[in-house]
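Here's the structure, in structure tokens; my notes come after.
Given the structure is predicted, the values throughout are model-derived calculations rather than measurements.
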Amino acid sequence: MEQMDLLQAFEIIVDKAKNSSLGEKFYEEADSYLGFVSDKLDISKRASAIMALFADRCDDSHIQFSDFTDFLGCRILSLLRYANEIQELVDKEYICRNRDEGFYYTIPMEVMEAFQHNERYNPMDVEELTARELFDKFDELFTKCRRRKIDKQVLRRKLRALVAKNEKLAFVKAMASYDVDADNMYFPLFVLFCTLFVVNGDDDIRYHDLEFIYKEDDAEWRYAKRDLSQGDHLFFVEKFIEYTNDDGFVDRESFKITDDAKKQLFSELNLSSMRGSRPNGGMLSFEDISPKQLFYNSKEQRQVEELTSLLDEEHFQRIKNRLKEANFRSGFACLFYGAPGTGKTETMLQIAKKTGRDLIQLNVSEVKSMWVGESEKNIKGIFDDYKKKVKQLAKAPILLFNEADAIIGKRQVGAERAVEKMENSIQNIILQEIEQLDGILIATTNLPENMDKAFERRFLYKIQFEKPDLNCRTQIWQAMIPPLNDADASYLAGKYDFSGGEIENIARHFTIQTILHGKSENMVKSLAEFCESERLEGSRTKRKIGF
């Protein structure tokens, strides 16, 4: 046994376990090897037998009890007697329980790496953490629980261990002020509230942010939810949380930690430096937008000029006040729709430039998350941030939903899958926020036919951007390539039914060619060649150009 290592011991144990039903004979024959594993990993001999079976399937991310029955030659009922040993391995973090349409187990890669080096796996040290490190650990555990990598019991046990090993931190000491300690039934929920605020800066905590730490159909969650909705929960009594309040209206489904609690609990933290920005692309100052001449068909020209005039600050405030006096919604939600390359995005930028309004740009792909509940929070957070900016800035900025097809599409009727429910939930939030909008929102889409009917009436201004007509295309050609005379520009405009974005793309190709090889002897011929190339590329790739 002196030359024995863990992997060899596992292999011998597994060989002896085959068709043994893990009976007495197996334990007699494998005793010395089980003892070696037991001493090495600090687990019982029965747990050592189960550990060997799991290690033999370390390449499987969905290990079940039933996977062992044929190999062992026993019924699954025999293996259910090893529930305590399974829990022992879970507690030691040698295996992870993953609940997803049933119970599955996996062996983390770092565990097998330790075994390969004939070492016991030791989870990362959690003693003497800073306050920031403690909350990072909390967040890591909650994320694993939300993604079903650990179960609720393991979550609670690990949260308690973190607190017990970091008793000197002011946060841990301050918990006692709210009648909460590590053995209290409210403890996991209390830590979750704190983590959502510290890590995400979340002052809009909702039920879907909290329920994952409870078992499905858990009476404890039903009681907690009832007390939270009625304001009777211990957290209200201790003035730890309060309902959010938007312009005097209390939202009983949205909670935040009170300012006094924040001061008492998070004195060690520089919260302003810790919080990451929400996934909205940040603020773009109108001063950073380059002026650009745009060309429109006559109908679009009138509509764009009217909207630009309306968003001039003097007109904007006067119209808002009149709408409020008449009990109408005072926000301005606008939809720019049409084919790619027709000027939707650039028009929005130029309107912001002319009216002196900053832009908050939303990247839809960053907002939508694969984890149910997080996307809804992202969307709500963006609107909350926008409301704050409207109140803080002298001029209301423009909230831009560029290429919004993914979030204003048709809602799913009778949605059953989690993804479909999430999509519907996101759309319901956006519909409600547009209804309550007190600023300016502009959404652009290439696919208006896919838009849900409920969104149509909520957009006060709808401008369709069509491909430019002959006269407009001629002006674009000359603006993009000034050396073109009227006749050549008219010829290209007549022969090629391109959008402004496509013409701009051709002009860029032509400029690069000129820089590399000098001026072409026949400019129109060269441009025509680029046009033919663009036509082929356009039909193949269907590129979207924001002109």
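Between F212 and Y207, the gap from one ring centroid to the other reaches at least 6.0 Å. The six-membered or imidazole ring of F138 lies near that of F135, with a centre-to-centre distance under 6.0 Å. Aromatic ring centroids of F10 and Y33 lie 6.0 Å or more apart. Ring centers of H233 and Y186: under 6.0 Å apart, within the cut-off.
Under the ring pair (Phe, Tyr, Trp, His ring centres under 6.0 Å) criterion, no residue pair touches residues 150-169, with sequence neighbours excluded.
Here D204 does not pair with K256 in a salt bridge; the nearest charged N to carboxylate O distance is not below 4.0 Å. The residues R132 and D136 are annotated as salt-bridged, a charged nitrogen and a carboxylate oxygen being separated by less than 4.0 angstrom. Salt bridge K165/E133: absent, no basic N to carboxylate O contact under 4.0 Å. Under 4.0 Å is where a charged nitrogen must lie from a carboxylate oxygen, and between K239 and D259 no such pair does. Of the charged side-chain nitrogens involved, at least one lies within less than 4.0 Å of a carboxylate oxygen, so that K262 and D203 count as a salt-bridged pair. A salt bridge links K144 to E140: at least one charged side-chain nitrogen sits closer than 4.0 Å to a carboxylate oxygen. One finds no salt bridge joining R146 and E211 here, because no Lys/Arg side-chain nitrogen approaches an Asp/Glu carboxylate oxygen to under 4.0 Å.
Counting only N and O atoms by type, the side chains of Q87 and D91 include a donor and acceptor under 3.5 Å apart. When only modelled atom types and interatomic distance are considered, S177 and Q264 share a side-chain donor-acceptor pair under 3.5 Å. Residues S229 and E253 have side chains that never bring a donor and an acceptor to within less than 3.5 angstrom of each other.
Contact annotation: the side chain of D56 never approaches that of L53 to less than 4.5 Å [non-hydrogen atoms, C-beta and beyond]. Two residues are said to be in side-chain contact when any heavy atoms from C-beta on lie closer than 4.5 Å; L162 and L129 meet this criterion.
Within 6.0 Å of atom CZ in R226, more than 12 heavy atoms from other residues, nucleotides or ligands are found, so the atom counts as buried in its surroundings. Other residues, nucleotides and ligands contribute more than 12 heavy atoms inside 6.0 Å of the CD atom of Q230.
Between F190 and Y178, the ring-plane angle classifies as tilted under the 30° and 60° cut-offs.
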**OP:** Apply the test ring-ring contact (aromatic ring centres under 6.0 Å, His included) to residues Y94 and F54: give CA-CA distance (whole Å), side-chain angles for both, the deciding distance (0.1 Å), then the verdict.
**Re:** CA-CA 10 Å; Y94 292 142; F54 274 106; over 10 Å; no
Original post:
What do the steps show when you test Y121 against L41 for side chain to side chain contact (heavy atoms under 4.5 Å, CB included), and what is the final call?
Top reply: CA-CA 8 Å; Y121 171 69; L41 302 185; over 6 Å; no
Original post:
Could you walk me through whether L284 and D358 pass the side chain to side chain contact (heavy atoms under 4.5 Å, CB included) check?
Top reply: CA-CA 6 Å; L284 174 64; D358 296 334; over 6 Å; no
Original post:
When you look at L349 and L400, which way does the side chain to side chain contact (heavy atoms under 4.5 Å, CB included) test go after all the steps?
Top reply: CA-CA 10 Å; L349 290 171; L400 170 64; 5.7 Å; no
Original post:
Taking it one step at a time, do F240 and F255 satisfy side chain to side chain contact (heavy atoms under 4.5 Å, CB included)?
Top reply: CA-CA 10 Å; F240 167 58; F255 315 96; over 6 Å; no
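Remark: R156 is not positioned above the aromatic ring of F187, lacking an NZ or CZ atom under 6.0 angstrom from the ring centre and at most 45 degrees off the axis.
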